[in-house]
Amino acid sequence: VGTATRTEVEGLMTKTAGVQIALRVPPDTGRRADVLAKKMAARDATIAAMGSITRTAVLRAALLRGLEQLEREYSAK
């Protein structure tokens, strides 16, 4: 796992223009995102320099990475 660039972190931590989608997630998913936010801030100097990372930012990153993985998976077939 690489470190995030400042632009990537800023994009994840701020409201960017785009489509708003409301999702309900299980309570455990919210807790997992909270734990991961702390780990990301502790291990990534870029994220730490930006201040605290939110649950929403973690879930945005997870969504983007998941979409990228699915796109790779389905473009190969």
Side-chain angles (χ1 to χ4, degrees):
V1 176
T3 59
T5 66
R6 184 177 185 91
T7 302
E8 290 169 332
V9 172
E10 287 173 346
L12 292 171
M13 294 178 72
T14 61
K15 287 187 175 182
T16 58
V19 177
Q20 182 176 0
I21 299 174
L23 297 172
R24 291 193 183 273
V25 297
D28 186 56
T29 301
R31 285 189 291 276
R32 289 171 61 195
D34 291 338
V35 169
L36 188 53
K38 291 176 185 165
K39 289 180 180 181
M40 289 171 72
R43 294 184 188 172
D44 191 312
T46 303
I47 291 173
M50 298 294 298
S52 63
I53 185 167
T54 64
R55 165 193 295 189
T56 300
V58 171
L59 293 173
R60 283 183 186 136
L63 177 65
L64 292 174
R65 287 190 182 186
L67 281 175
E68 290 169 357
Q69 176 62 36
L70 286 171
E71 288 168 342
R72 281 191 300 274
E73 194 175 309
Y74 285 94
S75 68
K77 295 180 180 186

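- Within the structure, the side chain to side chain donor-acceptor pair (under 3.5 Å) test picks out no pair touching residues 24-33 (sequence neighbours left out).
- Under the side chain to side chain contact (heavy atoms under 4.5 Å, CB included) rule, L36 has a single partner from I53, V58, L59, which is V58.
- Here L63 sits in one hydrophobic cluster together with L67; the rule is ILVMFWY side chains under 4.5 Å apart, joined directly or through other members.
- As a member of the Ile/Leu/Val/Met/Phe/Trp/Tyr network built from side-chain separations under 4.5 Å, V25 groups with nothing else and remains a singleton.
- The shortest non-hydrogen separation linking R55 to G30 is NE-O, 3.6 Å.
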